[in-house]
Novice: 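Would you mind keeping the following structure in view while I ask a few things?
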Amino acid sequence: MSTRSLRRFADRVALVTGAASGIGWATAERLAAEGARLWLVDVRADALRERARVLPSARVLGVDVTVPEEVDAAIDAVVRDGPGLDVVVNCVGATLGAAVQDTQSDDWERILRVNLTGAFNLTRAAMRHMIVRRSGAIVHVASDAGLVGMPSQAAYCASKGGLVHFARACALDAAPHDVRINCVCPCFIATPLLDAWIATQPDPERALAECAAEQPIGRIGQPGEVAAAIAFLASDEARFITGIALPVDGGVSAQ
Amino acid sequence: MAIATRLLDRTVIVTGAGSGIGAAIARRMHEEGAYVACIDVDRERTETITRDLGERALAIHADVTDQAAVMGAVDTARNWRGRLDVVVNNAGIAGPQTPAGSTDLGEWERTISVNLTGTFLVSKYAIEHLVSARGCIVNVASALAMIGWRRESAYGPGKAGVVQFTKSMALDYAPDVRVNCVCPGAVRTPMIESVLPRDGDTAALLREYGKVHPLYRRLAEPSEIADAVLFLASDDASLVTGAALLVDAGFTAG
């Protein structure tokens, strides 16, 4: 089997947030391989610039998605450059390992601001342009934690569950304008975000083994596997799909 | 134009391949390089689709509710090329358009039998081959598995059963075999035309039916469902199992 000949994004303009690492970077690589004209966004502009050297045609912007003015300016820059904005993939995410009774208010607010308000800022800005052209697809990276409850993940679950439901509501607003909005819901994926969470555990090695064992497929997912599902939802092959939360989770949410 | 090879040399079974969504799935998988065993209860339609596909296609006439016939059909498909990589359980019927009180037991049983038991039987006899090939199953359920709908008292429950069967099998056979389903909205097929009032203007009724979809406000084309089935059957879905993929243009999002 080969996906090397796929060119579903030839001449399409795609913007990826959280692009410096993990699922965001894997998505950038996948869309680039399929011919997209890429705009890559991350709050860590230097790290992104460094990494994006291997994608010389990609444009790089340092943007904090929690600041609406920065997001609006980034989307305006893409649209000014032309010819339009076809695909937005939102891969920004923050985690917090804390039971609700141990969750600090400022941590709660930070998780919701990054995972949910950031998605709102981005969707609003992108939609305003996409509806004018009556075309476009937005894919948010939510999580299994947006579909099922998980211990010590109260703020994260709330933010991702909110994101799944936000995307459904947005899909209905976008539908009359032929714009599609969907989510993917990954399980544990080998990303810096997972590494950071694992590092907070009392026995990190054991925690990682337990993460793999918890998933019916018995392993941690790879960022490229999530990127492949994102690419499908962002492509015309998913033209009849909107308002969904696709589990990309090795069976976790089926149980 | 890019050469499509996402299912290159895979051996695929598609049930209900003679018409509608099944025919579109068979064509789409064939385009991607698969060897397609087309199973249908209608002998003529099975042979027509297989002839249309040309090379890399095999016609198998079988009723998915007949245990002996399913065993034979799966064997034939498997022996064709010595392996079986993908099974698409698509065979289905619309069933009675009546509330429970006026639904005939025979019609209820027939609907559950084709839509749910047929999926079970084909999966039951194919699974050991799929384990060997580390292959996958894609079932065709329905958006009506997720929500209630008037006068679908047999079809909805049967399709909801397909979703649950999908999840159970996904857990039992992980990580060897991925098992997923698609849940289409209303699709332009002979099946949907069969449930329209006989005396109406078919084109107008189909246009009206399409308005259930917030996106585009039209019926889905069978090829639009086939594209989603192709994704689930391909290596691009390597991390997807136990999923019910809605292909319903936002129908159940609201």
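Quantities reported herein were computed from a predicted structural model and do not represent experimental measurements. Chain naming here is simple, since letters A, B, ... match the order of the sequence lines and numbering starts at 1 in each. Note: hydrogens, waters and symmetry copies are ignored here, and every other heavy atom, side chains too, is used.
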Novice: Report the distance from atom CG of L245(B) to atom CD1 of I241(A), rounding to the nearest 0.5 Å.
Specialist: 4.5 Å

Novice: Using a cut-off of under 4.5 Å for heavy-atom pairs, which of A226(B), P184(B), S238(B) has the most such pairs with chain A?
Specialist: S238(B)

Novice: Can you say whether C185(A) sits under 4.5 Å from chain B via the side chain, the backbone, both, or neither, judging by heavy atoms?
Specialist: neither

Novice: Using the ring-ring contact (aromatic ring centres under 6.0 Å, His included) criterion, which residues pair with Y156(A)? Sequence neighbours excluded.
Specialist: none

Novice: Hey, is CZ on F165(B) packed in by over 12 heavy atoms from elsewhere, all under 6.0 Å?
Specialist: yes

Novice: So do F240(A) and E221(B) actually touch side chain to side chain, heavy atoms under 4.5 Å?
Specialist: no

Novice: Might you work through the side-chain contact (heavy atoms from CB on, under 4.5 Å) test for R6(B) and L6(A), ending with a clear yes or no?
Specialist: CA-CA 9 Å; R6(B) 277 179 278 180; L6(A) 280 181; 3.7 Å; yes

Novice: Determine the option with the most heavy-atom pairs under 4.5 angstrom with chain B, choosing from A231(A), G250(A), G243(A).
Specialist: G250(A)

Novice: Anything in residues 141-152 of chain A with a heavy-atom distance to chain B below 4.5 Å? Please list those residues in order.
Specialist: none

Novice: Among residues 117-136 of chain A, which ones touch chain B with a heavy-atom distance under 4.5 Å?
Specialist: none

Novice: Would you check if D249(A) and L239(B) make a side-chain contact, meaning some heavy-atom pair closer than 4.5 Å?
Specialist: no

Novice: How many angstroms lie between CG in L232(B) and CG in L246(A), if you round to the nearest 0.5 Å?
Specialist: 7.5 Å

Novice: What residue in G242(B), A220(B), A243(B) has the most heavy-atom pairs under 4.5 Å with chain A?
Specialist: A220(B)

Novice: Passes side-chain contact (heavy atoms from CB on, under 4.5 Å), T252(B) versus I244(A)? Steps please.
Specialist: CA-CA 9 Å; T252(B) 56; I244(A) 75 156; over 6 Å; no

Novice: Who in residues 167-175 of chain A is close to chain B, using a strict under-4.5 Å heavy-atom cut-off?
Specialist: R168(A), L172(A), A175(A)

Novice: Quick one: of G254(B), A249(B), G185(B), A228(B), who has the most non-hydrogen atom pairs under 4.5 Å with chain A?
Specialist: A249(B)

Novice: So for V179(A), is it side chain, backbone, both, or neither that comes closer than 4.5 Å to the heavy atoms of chain B?
Specialist: backbone

Novice: Considering only heavy atoms from C-beta outward, does the side chain of H213(B) approach that of T242(A) to under 4.5 Å?
Specialist: no

Novice: Contact part of I189(A) toward chain B, heavy-atom cut-off under 4.5 Å: side chain, backbone, both or neither?
Specialist: side chain

Novice: Taking all heavy atoms of Y216(B) and all of R239(A), pick out the closest pair and write down the distance.
Specialist: OH-O, 2.6 Å

Novice: Pick whichever of D176(B), D227(B), N180(B) has the most heavy-atom pairs under 4.5 Å with chain A.
Specialist: D227(B)

Novice: Going through the distances and angles, do R178(B) and I217(A) end up as a side-chain contact (heavy atoms from CB on, under 4.5 Å)?
Specialist: CA-CA 9 Å; R178(B) 296 185 300 104; I217(A) 51 159; over 6 Å; no

Novice: Looking at R28(B) and E237(A), is there a salt bridge between them, counting it only when a charged N and a carboxylate O are closer than 4.0 Å?
Specialist: yes

Novice: Tell me, for A237(B) versus chain A, whether the close heavy atoms (under 4.5 Å) come from the side chain, the backbone, both or neither.
Specialist: neither

Novice: Checking A238(A) against chain B: side chain, backbone, both or neither under 4.5 Å from a heavy atom?
Specialist: neither

Novice: Charged N to carboxylate O under 4.0 angstrom, D178(A) versus R217(B)?
Specialist: no

